[in-house]
Amino acid sequence: MSLFYNILLIVLWNLIVPILIGYLITKFMKSDDKNNIAINFLIGFIVMLGIFQPITLIAIYLKVSLTFLTMLVKLVWGTLSIVSIVINHKRIFVTMSHVTIVLKKFNIYLFGALLLIMLQGYSYIAYEHIDDDDAFFVATATTAVANDNLYVKSPYSGVTYKNLPDRYILSPFSIYYAVMSKLTLVHATVYAHLFLPLVLLLFVYMVYYLWGKEWFQKSESLGVYLVLISIINIFGNYSEFTTQSFLLFRLWQGKAFLAAGILPFLLYLCYKTRKEMEYLFFIALFFGTLAASHVSSMGIFLAPLLIGCWALVDLIMTKKLTRLFCYMLCCLPSILCGLLYVIIS
Amino acid sequence: MFQIGWQFVQDAYQIYTSNGIIQLLLIGSFIIILINDKKEENIHLVYYCITALVIILFPPIAFVFGKYFIGESVYWRVFWLMPSGILIALVLTKLLERINRRYQKQLFMTAIVFVLVLGGKNIFNSNNYSKSTNYYKLPQEVIEICEMVAPNGSNTKMVVPETIVSYIRQYNPNINLLYGRNLGKDKQKGKKYKILLQLNSSEPDTKYIAKYTKKKDCKYVVFDNSSIGIEEIEQYGYKLYGVTDSYTVFKLVE
């Protein structure tokens with residue numbers, strides 16, 4: 001298959017399908033932002049990962065093949081996308097026609113921000129940062145594809161596992177690489193190291209964009225803000241453990257995506273629930289904690305900690321117990337994963 | 001408990017923040033929002049940050065989190081809860097918005113960029129990145145060795161030095177390895193560990209290596225070119241099969 005065909009498949013499964021799923025969720029929103037393509041992409045992507053998490057955990061438990069899992073999630077994601085097209089086609093068309101309005105607001109600062117973001121994307125295309133953790137994360141995906149099974153063989157040596165890696169099994173982001181590799185017909189390592197970071201970088205900057213939209217009405221200010229955050233990221237290597245370093249070194253790894261993308265998005269969703277009292281954001285938050293637990297075992301703990309801190313302040317400021325209850329419900333996936341971890345370890 | 005927790009906090013802070021100025025700018029941002037901002041949700045955001053900081057920096061809590069939930073050596077990851085970059089950029093832009101005169105605005109913007117650049121450290125430097133030579137983003141020599149021993153993704157079993165052990169199965173998962181990454185870290189005993197020590201030593205015991213690798217059906221043994229006396233393995237059933245810039249590959253012929 002040609003590279004062009006692979007890129008079309010990557011665009012389909014990593015951009016178009018998440019956007020369509022996002023439209024399905026935002027269909028029922030009252031918020032003015034429901035037609036914003038960025039929020040639809042982000043919610044859709046999070047929901048895709050959130051749906052993928054329980055399906056994958058059950059698939060690992062039942063020892064089904066990777067091919068079966070791929071068919072199943074293809075069916076689920078595909079059905080949601082088609083349903084979305086059927087019920088949202090007018091709204092999608094209207095949103096697309098708004099692109100020209102957005103382009104008219106383009107200014108020198110937004111252009112500068114775009115250049116800086118493209119520079120960061122270019123670093124992922126033309127350069128490499130080799131990380132030994134991929135001996136597990138990426139090789140788990142290649143091993144799954146080669147053997148058509150899930151966590152049966154050790155990615156380190158290829159021998160059959162005696163004991164499953166309980167630390168990682170509840171956050172099987174590597175299986176996501178494997179499924180995407182099968183859906184896009186790209187080698188799992190090429191997908192993880194080349195294409196996935198570009199998709200996730202887009203995710204991260206869309207989160208920043210949404211934060212900027214909340215604070216600034218003028219597109220010039222939005223541009224300045226995006227320029228500044230790009231500079232903060234590019235010059236954020238004062239330690240190799242900062243969010244910025246993780247963002248630009250190894251975004252394909254779940255923990256990096258958690259730090260740079262998912263946690264800031266969860267915080268954004270919390271911020272929106274506070275600002276607009278829109279309960280549908282709680283649903284996105286629920287899928288967000290599922291996604292956090294999917295990408296990294298650290299997400300099982302950090303996502304509820306983030307929501308817990310926000311909820312505590314919320315309770316003190318608003319004194320609304322129903323909101324606290326909603327926040328607690330959003331943490332359920334993490335609590336369940338934590339309990340499962342205790343049981344299997 | 002308090003002392004250990006305090007140690008976790010100190011180590012985490014030192015590892016994460018190092019000598020950057022982001023933390024100072026973050027505290028400045030809190031103050032500016034609390035003084036100037038009237039929007040409840042923005043104040044909520046600052047209170048969230050303060051609450052999270054109090055929780056993660058309080059030694060007894062740090063002890064419990066570090067020991068039972070996150071991990072002592074990676075406690076610094078709790079700082080990921082701080083939306084530092086987002087908040088700093090938002091506040092700086094808000095300050096810029098307040099300046100009406102164009103030249104003052106440009107001057108302030110230049111000053112901000114100057115502080116961020118000088119106070120931080122550029123990620124894009126040669127210590128962090130190298131020009132990629134393939135779409136896999138793996139060392140080119142690994143691909144050469146994999147294609148040499150198992151062309152087009154075929155099967156085989158081999159043993160390689162630790163320097164490339166992490167990458168072989170990322171390229172070709174049909175190649176089984178005698179030992180994988182972290183063997184020496186997880187388990188420092190047993191025959192595999194002895195092979196690891198020998199294969200990665202400057203003067204490997206080729207007789208010992210050949211005896212064990214043959215027993216384990218390793219079709220190929222890869223040595224670092226800098227190791228001395230590796231050609232002696234030819235006396236024990238292996239023949240020179242190929243050479244790359246840094247590695248020499250021997251194939252089992254018996």
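Proteins come first, then strands; the chains are lettered A, B, ... in the order of their sequence lines, and each starts at number 1.
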Non-hydrogen atoms of chain B under 4.5 Å away: do they reach the side chain of [X], the backbone, both or neither?
X	value
Tyr177(A)	neither
Phe246(A)	side chain
Ile229(A)	both
Leu267(A)	side chain
Asp314(A)	both
Leu248(A)	both
Val145(A)	neither
Leu302(A)	both
Lys272(A)	neither
Ile125(A)	backbone
Tyr208(A)	side chain
Ser154(A)	backbone

Look up atom [atom1] in [X] and atom [atom2] in [Y], then write down how far apart they are to the nearest 0.5 Å.
X	Y	atom1	atom2	value
Leu90(B)	Tyr225(A)	CG	OH	4.5 Å
Ser84(B)	Ile232(A)	OG	CD1	9.0 Å
Ile123(B)	Ile234(A)	CD1	CD1	8.0 Å
Trp80(B)	Thr243(A)	CH2	OG1	7.5 Å
Glu214(A)	Asn42(B)	CD	CG	9.0 Å
Tyr16(B)	Ser245(A)	OH	OG	8.0 Å

Using 30° and 60° as the class boundaries, would you call the ring planes of Phe249(A) and Tyr129(B) parallel, tilted or perpendicular?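 Plane angle over 60°, so perpendicular.
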For the residue pair Tyr136(B) and His187(A), does the interplanar ring angle fall in the parallel (under 30°), tilted (30 to 60°) or perpendicular (over 60°) class?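 Taking His187(A) first and then Tyr136(B), their aromatic rings stand perpendicular (interplane angle over 60°).
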Report, as yes or no, whether the 6.0 Å neighbourhood of atom [atom1] on [X] holds more than 12 heavy atoms from other residues, nucleotides or ligands.
X	atom1	value
Lys219(B)	NZ	no
Tyr271(A)	OH	yes
Lys131(B)	NZ	yes
Glu278(A)	CD	yes

In terms of heavy-atom pairs under 4.5 Å, which option from [options] contacts chain A the most?
options	answer
Ile56(B), Leu81(B), Val54(B)	Leu81(B)
Asn134(B), Ile88(B), Val165(B), Val117(B)	Val117(B)
Glu41(B), His44(B), Lys137(B)	His44(B)
Val74(B), Ile168(B), Thr93(B)	Thr93(B)
Leu138(B), Asn125(B), Leu96(B)	Leu138(B)
Ser130(B), Pro83(B), Pro139(B)	Ser130(B)

Tell me yes or no: between the side chains of [X] and [Y], is some donor less than 3.5 Å from an acceptor?
X	Y	answer
Tyr127(A)	Asn128(B)	no
Asn122(B)	Asn237(A)	no
Ser221(A)	Glu97(B)	yes
Arg169(B)	Thr142(A)	no

Check whether [X] gets within reach of chain A through its side chain, its backbone, both or neither, counting any heavy atom under 4.5 Å.
X	value
Met82(B)	neither
Lys192(B)	neither
Ile70(B)	both

What closest approach, in Å, do [X] and [Y] show between heavy atoms, and which atom pair accounts for it?
X	Y	value
Ala52(B)	Cys309(A)	CA-SG, 3.7 Å
Ile86(B)	Pro264(A)	CD1-CB, 3.8 Å
Glu40(B)	Met317(A)	O-CE, 3.9 Å

Side chain proximity check, [X] to [Y], heavy atoms < 4.5 angstrom:
X	Y	result
Thr51(B)	Trp310(A)	no
Tyr238(A)	Ile22(B)	yes
Leu228(A)	Leu116(B)	yes
Tyr167(B)	Asp134(A)	no

Any donor-acceptor pair under 3.5 Å linking the side chain of [X] with the backbone of [Y]?
X	Y	value
Arg181(B)	Ala135(A)	no
Thr242(A)	Thr17(B)	no
Ser239(A)	Ile15(B)	yes
Ser132(B)	Ala126(A)	yes
Lys39(B)	Lys275(A)	no

Out of Ser297(A), Gly236(A), Pro155(A), return the one with the most heavy atom pairs under 4.5 angstrom to chain B.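 Option with the top pair count is Pro155(A).
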Among His193(A), Glu128(A), Gln244(A), which has the most heavy-atom pairs under 4.5 Å with chain B?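 So the answer, after comparing His193(A), Glu128(A), Gln244(A), is Glu128(A).
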side-chain contact (heavy atoms from CB on, under 4.5 Å) evaluation trace for Arg77(B) with Phe241(A): CA-CA 8 Å; Arg77(B) 288 181 183 172; Phe241(A) 304 111; over 6 Å; no
Walk me through it: do Ser157(A) and Tyr179(B) pass the test side-chain contact (heavy atoms from CB on, under 4.5 Å)? CA-CA 6 Å; Ser157(A) 60; Tyr179(B) 63 80; over 6 Å; no
Derivation and outcome, side-chain contact (heavy atoms from CB on, under 4.5 Å), residues Tyr135(B) and Thr189(A): CA-CA 8 Å; Tyr135(B) 289 140; Thr189(A) 305; over 6 Å; no
Determine whether the aromatic ring centres of residues Phe65(B) and Phe301(A) are separated by less than 6.0 angstrom.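 Yes: the rings meet the under 6.0 Å criterion.
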Is it true that the NZ or CZ of Lys121(B) lies under 6.0 Å from the centre of Phe235(A)'s six-membered ring and within 45 degrees of the ring axis?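 Judged by the rule (NZ or CZ under 6.0 Å from the ring centre, within 45° of its axis), Lys121(B) is not positioned above Phe235(A).
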